[in-house]
Number of protein chains: 2
Amino acid sequence: MKEGPDIARLGTLIGDPARANMLTALMGGQALTASELAQAAGVSLPTASSHLSKLEDGGLLSQRKQGRHRYFALADTATGAMLESLMGFAASRGHLRHKPGPKDPALRKARICYDHLAGDFGVRMLDSFLCEGVIAAEGEKLTLTKAGHARVSALGIDVESLHSPRRPLCKSCLDWSERRSHLAGSLGRALLGHFIDNGWARRVADSRIIDFTPEGERRFMAVFPVD
Amino acid sequence: MKEGPDIARLGTLIGDPARANMLTALMGGQALTASELAQAAGVSLPTASSHLSKLEDGGLLSQRKQGRHRYFALADTATGAMLESLMGFAASRGHLRHKPGPKDPALRKARICYDHLAGDFGVRMLDSFLCEGVIAAEGEKLTLTKAGHARVSALGIDVESLHSPRRPLCKSCLDWSERRSHLAGSLGRALLGHFIDNGWARRVADSRIIDFTPEGERRFMAVFPVD
DNA sequence: TCAATGCTTCGGTCCAGATCGAAGCATGAA
DNA sequence: TTCATGCTTCGATCTGGACCGAAGCATTGA
């Protein structure tokens, strides 16, 4: 009777509606904060926190602490595949729910993340920097290269003034819409300030959206090429 | 936030230990009576009856009445495949429910997966088929080659009679103990039947274990070589 | 330093559902 | 008919765990 793996434990983890909602939300591939997952699940923050630690103990989630936030994501692709297979089976038995609402595309395109650029544009910028050797990546660690120093200075940014004992110059930050990293740290902040000061973009009131002008977008694309 | 299929309901069904035990017992492919399932689950008859009707409502089980008995079985092969995939995932996260007893190695060596051979032997058989061009793999899809048709027929299996509009001839099924694929589908079923009919192996009662005789094992190894 | 934010822990409430005994229905055997 | 068997339904109990408010902790910003 007691043979093989414990599917009951897995089932219990997935079987709670709040946890299932969280897992479904994470199926998009984006890493989400505890607060966002609480809202997605429709429960309070303490309840969500409890669920998240259970899911992590069960090996379904991985988490990454970043500043005040805690980002959660599916542990690996096998987890996503398992959930997808469950969804397929559930759908085949007519266990369905409702349709989703529209998402804000502007938020995915470019938004502020604390103080630096995130979204499609933020990811593109870091990709471009890595590709051109402006920034070197060593695991999670990002460092500005000697060539990068010159390149950023040429943009009109005073790199020396950005050094601080309290904050790293470059830091990688996980992007929720792209599920890839973008550039944080004092340099990330300075670059966003640069775009706004030069009229390439502006902040939209009461929103995290960064709105690029057509000209600003053109110049951004030119300055940060991606092969 | 309410999007996609309802995996919570499915999880709840599988998440109860008694129900999980019943489903595991039915993974052997045999139809079992309510009393037998009650014993397998370790609960009283009334409790088992309640669980069984829930599983049936959820589309996981089919039942047929026969005299005073009521026989339950997994609804279809998709159900077996879904459960096996859950077991694979659970095993990968270390969700095992027992001390590694004497039954465990036997289960890993050769066991029945709904109606076909799984475990070390099942994986070896498919590996051998792929290696010798009996079966061609194209992603998840498996097809019997022309040469394979002759080869399988030579084993004494009537391939023509296996074709069915309801079930594929060859299908890959993820093996939880090996974390690799073995052969499912009507051909997989026929091959296991062949081994048993020819006395190479027999089913162990009240278990998913397939017990190969020394001679059967010798012939199996000869017929399905792996480099 | 203090205040704001994001999250966890603690303490207590509450309820869905798992459980079983007893009774109720079938079916089959005599 | 009468009895035995296999299973379901009913009624009642009980508990695991989902839930939230308040307090606590950690990080960041001012």
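Side-chain atoms are counted along with the backbone in the values below, which use heavy atoms only and exclude waters and symmetry mates. Just so we're on the same page: letters track the sequence lines, and every chain starts at 1.
The backbone N or O of T33(B) lies less than 3.5 Å from a partner atom in the side chain of E36(B), making a donor-acceptor pair.
The distance between atom CD of Q39(B) and atom P of dC20(C), rounded to the nearest whole Å, is 13 Å. L32(A) has its CG atom 15 Å from the C1' atom of dG6(C), to the nearest Å. Look at NZ on K54(A): it is 7 Å from P on dG17(D), rounded to the nearest Å. We find that CG of D16(B) is positioned 13 Å from C1' of dA16(C), with the value rounded to whole Å. Distance CG (L52(B)) to C1' (dG17(C)): 16 Å, rounded to an integer number of Å. In this entry the distance linking CZ of R9(A) with C1' of dG16(D) reads 16 Å, nearest Å. Atom P of nucleotide dA18(C) and atom CG of L13(B) are separated by 9 Å, given to the nearest angstrom. Between the P atom of dT8(D) and the CG atom of D57(B) lies a distance of 12 Å, rounded to the nearest Å.
A donor atom on one side chain and an acceptor atom on the other are found under 3.5 Å apart for H51(A) and R19(A). Donor-acceptor pairing under 3.5 Å is lacking for the side chains of S50(A) and T47(A). Side-chain atoms of E160(A) and H149(A) form a donor-acceptor pair, as typed in the model, at a separation below 3.5 Å.
Residue H51(A) places its side chain closer to dA18(D) than to any other of dA18(D), dT9(C), dC20(C). The side chain of P46(A) approaches dG21(D) more closely than any other nucleotide in the set dT8(D), dA18(D), dG21(D).
For the pair R70(A) and dT27(D), the criterion of a side-chain N or O lying under 4.0 Å from OP1 or OP2 is not met. OP1 or OP2 of dT8(C) has at least one side-chain nitrogen or oxygen of S49(A) nearer than 4.0 Å.
Exactly one residue among D57(A), D76(A), D6(A) makes a salt bridge (Lys or Arg N to Asp or Glu O under 4.0 Å) with R93(B). That residue is D76(A).
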List every contact pair, protein side and nucleotides 27-30 of chain C side both N or O, where the distance is under 3.5 Å.
none

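Residues meeting the side-chain hydrogen bond (donor to acceptor under 3.5 Å, both in side chains) test with Q63(B), sequence neighbours left out: E56(B), R70(B).
Among the protein residues, T33(B) comes within range of the sugar-phosphate backbone only, with heavy atoms under 4.0 Å from sugar or phosphate atoms but none that close to a base.
Summarising the geometry of A40(A) relative to N21(A), their closest heavy-atom pair is O-CB, 3.9 Å, with the distance given to 0.1 Å.
A residue-by-residue look at S44(A) and R189(A) shows that S44(A) has its nearest nucleotide of DNA chain D further toward the 5' end.
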